[in-house]
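Here's the structure we're looking at; comments come further down.
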Amino acid sequence: MTASEFSALLVLATATSFTPGPNTTLSTALAANQGLRRALPFVCAVPVGWSLLLALCSAGVGALVLAQPLLRSTILAGGCAYLGWLALRLWRSRALGQADSQRLSAGFGEGVLLQFLNIKAWMLALSIVAGWIAGHDDAWQRFAQVLPLMLAFAFFSNLTYALVGSLLREWLAGPLEQGQPSGRRLQVFNRVMASALVLTAIWMLMRGLGAPA
C-alpha cells in the first residue's frame with residue numbers, strides 16, 4: 001500500500017469512526033447510564049463485529065448480500081427496528097443504573113449483531129474493499145494492513161465517546177431535589193440520545209432505499 005493510499009484510508013477511518021452514529025451514540029449512553037465498565041463490552045464488540053463484516057466483504061459475500069434486494073431490505077429493516085427498540089428504552093430511562101438489561105440491552109453480542117444490521121457499515125466495508133483491497137495482486141496482504149487500522153479506529157472512537165459519557169455521569173444525575181439526585185438531566189440526555197438513534201435509523205432507511213442494487 002502506497003503512502004497516498006494509506007493517508008486516504010486514515011482520513012476515511014477518522015471521518016467515519018469519530019462522527020456520531022449508532023455505535024458511538026450507544027457507547028455514550030451506556031457509559032452515562034451504567035458507567036464505563038458496563039459500556040466496555042459493547043465498545044469491544046464494535047471492532048469485533050466490524051472486522052467480521054470486513055472479512056465477509058473481502059471474500060465477496062457483502063457484494064452478493066447487497067445485490068439481493070430482499071436481503072438488503074431485511075438488513076435495513078432489522079437495523080432500523082433494532083435502533084428504534086433501543087431508542088424506546090433510552091427514552092424511558094431517567095435514573096442512573098435504570099437502563100439495565102431490561103431497559104437498554106446492548107452488550108457484547110448485541111454490539112456484534114448491530115454491525116450486521118447497519119447498512120452504513122456494509123457500505124463502508126464494501127467501499128474499503130473496493131478502494132484498497134479488491135483487484136490487487138496482494139489483496140490479502142492489504143486486508144492484513146487495513147484490518148488492524150480499522151479495528152483500532154472502531155475501538156478508540158467508541159471508547160472516547162464512552163469516556164465522555166462516563167465523565168458526564170455524575171452531573172447528569174442532578175439536579176438535587178431534597179438532597180437526592182433527581183435524574184432530570186439524565187432524562188433529557190437519554191431522550192437526546194434516543195432521538196439521535198431514531199434520526200440515524202431514518203437516515204439509514206433513506207440511504208438504503210436509495211442505494212442501487
Side-chain angles (χ1 to χ4, degrees), residues 12-50 53 75-125 150-173 183 185-208:
L12 177 66
T14 303
T16 56
S17 298
F18 283 92
T19 50
N23 292 321
T24 52
T25 300
L26 283 171
S27 294
T28 308
L30 284 167
N33 282 272
Q34 302 177 358
L36 181 61
R37 181 177 295 182
R38 292 286 297 274
L40 283 178
F42 179 83
V43 170
C44 294
V46 174
V48 171
W50 202 86
L53 192 62
I75 292 171
L76 184 61
C80 291
Y82 183 60
L83 290 181
W85 180 78
L86 290 173
L88 179 61
R89 276 143 185 79
L90 258 180
W91 187 272
R92 292 175 175 174
S93 301
R94 64 170 291 173
L96 290 178
Q98 187 179 7
D100 56 16
S101 59
Q102 295 180 349
R103 286 188 174 272
L104 180 59
S105 178
F108 186 86
E110 290 83 2
V112 172
L113 175 64
L114 179 59
Q115 310 317 303
F116 289 88
L117 295 177
N118 186 350
I119 200 71
K120 176 185 174 182
W122 283 96
M123 294 296 185
L124 175 60
M150 297 305 297
L151 279 174
F153 270 87
F155 174 76
F156 285 108
S157 62
N158 282 278
L159 180 61
T160 299
Y161 276 83
L163 284 170
V164 171
S166 66
L167 291 173
L168 292 173
R169 179 174 165 81
E170 185 174 348
W171 180 80
L172 289 171
R185 292 182 188 139
L186 183 66
Q187 184 180 44
V188 173
F189 174 83
N190 282 340
R191 291 186 174 182
V192 170
M193 294 292 101
S195 299
L197 288 177
V198 171
L199 289 173
T200 300
I202 293 172
W203 179 87
M204 283 172 49
L205 185 63
M206 293 176 64
R207 286 292 301 272

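We count residues from 1, following the sequence as given.
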Completion exercise
Contacts of L167 meeting side-chain contact (heavy atoms from CB on, under 4.5 Å) (sequence neighbours excluded), chain-then-number -> none
Handout entry: Rounded distance (nearest 0.5 Å) linking atom CZ of F116 with atom CG of L53
Key = 5.5 Å
Problem - OG1 on T160 to CZ on F155, rounded to 0.5 Å - result: 9.0 Å
Practice task
State the CE-OG1 distance between M193 and T24, to the nearest 0.5 angstrom.
Solution key: 8.5 Å
Completion exercise
In short, L114 meets P22 closest at the heavy-atom pair CD2-CB, 4.4 Å
Report, one line per pair, each donor and acceptor closer than 3.5 Å where one atom sits in a side chain of residues 39-50; sequence neighbours left out.
none

Exercise for the section: Can you see which heavy atom on L186 is nearest to which on A32, and at what distance? Expected result: CD1-O, 4.3 Å
Problem - Straight-line distance of L199 CG to L83 CG, nearest 0.5 Å - result: 11.0 Å
Problem - R38 side chain to A31 backbone, donor-acceptor under 3.5 Å - result: no
Problem - Q115 (side chain) donor-acceptor with V112 (main chain) under 3.5 angstrom - result: no
Practice task
Enter the distance from T200:OG1 to W203:CH2 here, rounded to the nearest 0.5 Å.
Solution key: 8.5 Å
Completion exercise
Exactly one of T16, L12, T14 clears side chain to side chain contact (heavy atoms under 4.5 Å, CB included) with F153, and that residue is T14
Handout entry: Side chain S166, main chain L36, donor-acceptor under 3.5 Å
Key = no
Practice task
Give a yes or no answer on whether the side chain of R185 reaches the backbone of A173 with a donor-acceptor pair at less than 3.5 Å.
Solution key: no
Completion exercise
A87 and A194 have their tightest heavy-atom pair at O-CB, 3.3 Å
Problem - Heavy-atom closest contact (G78 atom, L117 atom, distance) - result: O-CD1, 4.0 Å
Practice task
Verify side chain to side chain contact (heavy atoms under 4.5 Å, CB included) between N33 and L90, making sure each step is shown before the conclusion.
Solution key: CA-CA 9 Å; N33 282 272; L90 258 180; 4.0 Å; yes
Problem - Heavy-atom pair with the smallest gap, counting every atom of G35 and R169 - result: N-NH1, 3.4 Å
Handout entry: Atom pair CG (L172) and CG (N190), whose distance is rounded to the nearest 0.5 Å
Key = 8.0 Å
Problem - A201 to C80 - nearest heavy-atom pair and separation - result: O-SG, 3.3 Å
Exercise for the section: Kindly say whether F18 contributes a backbone atom to a donor-acceptor pair with the side chain of Y161 at under 3.5 angstrom? Expected result: yes
